[in-house]
Amino acid sequence: MKTYAIGDVHGRADLLATLLAQIERENSSDPNGHRVIFLGDIIDRGPDSRLAMDLVVEELKQRSSSRLILGNHEEFLLLFLDRPDKREIIFDHWMRNGGNAAASSYGLDIMRPYRQIEDAHQMLVDLLNANPEHLEAMRAAAAFVRDDDHLFVHAGLRPGIEIEKQSTKDLRTIRADFLGSNFDFGPIVVHGHTVTTSRWPEIYGNRIALDTGAETTGRLTALEISEGEVESFLWTTQDGVLGVERGRPSDYLASPRRSAPARRFV
């Protein structure tokens, strides 16, 4: 079965719809012969978090083998709902990290002055609860997904710790200790969370980085794996017309990509 891992979406439902449609076209002769793994951070920052979650939910319904991995931004949302005792602190932290865009997409008027902040909190709670399938998908999301050759996770792993003993905090938020390590984790780690320096997908000896900054670059990236081997990358582009381009894995070995894409799908 083919696996397509998709990096951080951050509210770019337009890019996600294009990428998923291309994946469907490529597998039209065998629609059940592939799965999609979303690496998390579907929401926040970009304009259409709610629509992006609609697309994720639809994919999860369509293919039972597809998976959503919980990102730290989905965790913000769930903590906001589940910790009313700390709601003000969580809300403030979430909004300062792109949550205002998600709140707006779910229907909260973020430009309106609220007499009490608790009024905005309760309104957002009600708006989020009006999308039960989104919340169900987030609550059922995996911490990581593993196969024989690759491990899919939102942020990364802490070197020297067994995979089953990794903390959820590290799985969703780790940066420097993971990104700067040459540790052999066994399977190749496929992750998002930290935008690549090149804004293109990057392959290293122990990991593959797929967060290409979709919310600002217009480049949402997917990795295609078949029979345990990396086959190609797909990514969206914005240059007047939204399309999809394909690149070869050899273009990305541990260095920023400089050349033009191999070919375009329109």
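Just so you know, these numbers use all the heavy atoms, side chains as well, and skip hydrogens, waters and symmetry mates.
Other residues, nucleotides and ligands place no more than 12 heavy atoms under 6.0 Å from the CD atom of E229. Heavy-atom neighbours of Q122 CD from other residues, nucleotides or ligands within 6.0 Å: above the threshold of 12. Sparse packing is recorded around CD of E136, with 12 or fewer heavy atoms of other residues, nucleotides or ligands lying under 6.0 Å away. Within 6.0 Å of CD on E88 lie no more than 12 heavy atoms contributed by other residues, nucleotides or ligands.
In this structure, a donor-acceptor pair under 3.5 Å is present between the side chains of E202 and S198. In this structure, a donor-acceptor pair under 3.5 Å is absent between the side chains of R199 and T217.
Looking only at distances, no side-chain donor or acceptor of R50 sits under 3.5 Å from a matching main-chain atom of N131. At least one donor-acceptor pair closer than 3.5 Å links the side chain of T18 to the backbone N or O of D14.
The pair K2-E227 does not meet the salt-bridge criterion, since no charged nitrogen lies less than 4.0 angstrom from a carboxylate oxygen.
With a 4.5 Å cut-off on side-chain heavy atoms, L77 and L128 count as touching. Contact of the L124 side chain with the F91 side chain is registered, since non-hydrogen atoms from C-beta on lie closer than 4.5 Å. Taking 4.5 Å as the limit, some side-chain heavy atom of L68 sits within range of a side-chain heavy atom of L60. Counting only heavy atoms from C-beta outward, the side chains of I174 and K169 never approach each other to under 4.5 Å.
In this structure, CD in E26 is found 7.5 Å from CD1 in I23, a value given to the nearest 0.5 Å.
Judged by the 6.0 Å and 45° rule, R207 forms a cation-pi pair with Y204.
Considering all non-hydrogen atoms of both residues, G218 and R12 come closest at CA-NH1, 4.1 Å.
Ring orientation note: the planes of F178 and F185 are tilted relative to one another, at an angle of 30° to 60°. The aromatic rings of W94 and F80 sit tilted, their planes meeting at an angle between 30° and 60°.
By the side chain to side chain donor-acceptor pair (under 3.5 Å) test, N27 is found to be paired with Y4, residues two or more places apart in sequence or in another chain being considered.
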Test side chain to side chain donor-acceptor pair (under 3.5 Å) applied to R175 and T194, step by step | CA-CA 7 Å; R175 293 192 193 274; T194 300; 2.7 Å; yes
Would D54 and H134 satisfy side chain to side chain donor-acceptor pair (under 3.5 Å), going step by step from the backbone distance to the final call?
-> CA-CA 7 Å; D54 279 343; H134 293 190; 2.7 Å; yes
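Residue pairs that meet the salt bridge (Lys or Arg N to Asp or Glu O under 4.0 Å) test with at least one member in residues 92-108, sequence neighbours left out, are D92-R96. Residue pairs meeting the salt bridge (Lys or Arg N to Asp or Glu O under 4.0 Å) criterion with at least one member in residues 72-85, sequence neighbours excluded: E75-R172, D82-R139, R83-D85.
Two rings, from F144 and H154, have their centers 6.0 Å or more apart.
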